[in-house]
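Shown next, in structure tokens, is the structure this report addresses.
Every number for a ligand or one of its atoms is a count from 1 in the order of the listing.
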Amino acid sequence: MTDHAVLDRPALSTPQDYIAAEARLGARNYKPLDVVLSRGEGVYVWDVEGKRYLDGLSAYSAVNQGHCHPKILAAMTEQAGKLTLTSRAFRNDQLALFYEEICALTGSHRALPMNSGAEAVESALKVARKWGYEVKGVPADQAEIIVCSENFHGRTLAIVGFSTDAQARGGFGPFAPGFRVVPFGDAAALEAAITPNTVAVLAEPIQGEAGVIIPPAGYLKTARELCTRHNVILILDEIQTGLGRTGKLLAEEHEGVEADLTLVGKALSGGFYPVSAVLSNDAVLGVLKPGEHGSTFGGNPLACAVARAALKVLVEEDMIGNAQRIGDRLQASLAGIRHDAIKEVRGRGLMLAVELHREAGGARRVCENLQRRGLLCKETHEHTIRIAPPLVLTADQADWIAEQFEAALRDPT
Ligand SMILES: *Cc1c(COP(=O)(O)O)cnc(C)c1O
């Protein structure tokens with residue numbers, strides 16, 4: 001702790017040096033691929049030895065706009081030189097503009113800016129409970145929130161408490177009460193779980209971390225109808241599916257559904273900075289009064305300026321339409337690969353997954369093979385590889401990805 005010389009030392013030299021230092025000093029809560037990246041541009045990233053890779057993950061869809069997008073970078077550096085943080089004790093000249101733009105684009109009445117995705121989820125859960133007590137008239141401390149099996153909504157205590165993933169929740173209890181889990185995609189189970197004390201249903205339109213699981217057609221629409229009929233808030237977590245990833249600005253548009261609360265994060269900053277938001281109709285966010293919720297960094301001028309630029313390039317450069325077109329093309333090419341290892345190719349837009357048969361030797365091996373071929377992908381669970389490149393992907397790059405997949409399966413060395 002007292003060795004100041006470490007602050008003036010040159011960069012480490014080999015990838016192994018970085019990996020060893022991480023292993024020695026870091027919390028061991030991740031098992032990344034052994035690639036140490038130092039630069040990114042568009043769909044490409046480069047490691048410390050100068051090798052180029054196509055990014056097939058986009059930081060879990062936080063980099064939809066491509067790495068280091070020049071217009072977001074310009075907005076960030078300009079704002080960073082002017083004003084970065086005021087806290088919400090004072091006002092700043094970026095927040096109102098951010099509100100106007102995101103509300104107009106998403107058809108929302110009000111927005112609550114936060115930082116991480118998990119914070120947006122927590123904020124929505126708090127607001128839903130408050131709405132339940134103050135508007136719906138649920139007796140004090142009796143509010144119930146329905147969530148889905150195999151959900152992923154972040155890593156806070158309340159959120160992992162209603163996870164069904166043993167790794168995410170094991171050893172972290174006791175957990176907050178008031179959550180009920182129903183099978184994802186099962187509208188009848190959802191209806192059966194609703195009680196007079198139910199205040200909200202929380203779901204991902206497509207489950208990302210679970211392995212790009214698309215619910216049966218009509219599920220979201222039915223969920224919307226059930227929520228309306230039983231006076232329950234529908235919260236859709238679009239932190240991964242939102243902002244163009246599935247070929248629409250929001251994935252809920254695929255079923256013509258409007259949630260009461262829609263959560264966005266990740267690509268809201270194009271990967272530059274943690275920015276998230278709860279988007280709402282007037283009735284629900286309207287229950288919050290001064291002092292009842294907050295965040296030191298939430299809504300800061302740097303975050304707002306970055307988010308405004310991230311939204312602008314997404315729309316102006318037609319990344320959403322590109323995700324649809326190139327996503328369809330890539331999905332078709334992947335589905336065209338004839339190989340015994342492939343169980344299913346699925347997805348929407350550029351949110352794709354290849355699921356392998358259990359006998360195929362695991363997804364991690366394929367990801368390591370793809371890494372050697374210059375394509376970075378990450379397995380989710382044992383047998384599924386997610387493919388979610390930046391939305392600026394070209395047709396040629398999409399074809400190249402499918403070729404690498406085919407080659408990796410045929411030559412699994
Ligand atoms: C990533 C993610 C979150 C959590 O976001 P963080 O910024 O990591 O807290 C929540 N929900 C979904 C669907 C996500 O993909």
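- When K266, E209, E238, H153 are ranked by how near their heavy atoms come to atom 15 (O) of ligand 1, first place goes to K266.
- Side-chain contact between L268 and F98 is present, with heavy atoms from C-beta onward closer than 4.5 Å.
- Using a 4.0 Å cut-off between heavy atoms, F152 contacts ligand 1 through both its backbone and its side chain.
- Scanning all protein heavy atoms for the shortest distance to atom 9 (O) of ligand 1 gives A118 N, 2.8 Å.
- With a 4.5 Å cut-off on side-chain heavy atoms, L352 and V345 do not count as touching.
- A donor and an acceptor atom, one from each side chain of K343 and H383, are nowhere located under 3.5 Å apart.
- Closest protein heavy atom to atom 5 (O) of ligand 1: G117 CA, 3.3 Å.
- Of all the atoms in ligand 1, the ones that sit under 4.0 Å from a non-hydrogen atom of I239 are 2 (C), 3 (C), 10 (C), 11 (N), 12 (C), 14 (C).
- A salt bridge between E252 and K221 is absent, with no side-chain N of the basic residue lying under 4.0 Å from a carboxylate O of the acidic one.
- The residue from N115, I159, L263, D237 that puts a heavy atom closest to atom 11 (N) of ligand 1 is D237.
- Side-chain atoms of I145 and L125, non-hydrogen and from C-beta on, do get closer than 4.5 Å to each other.
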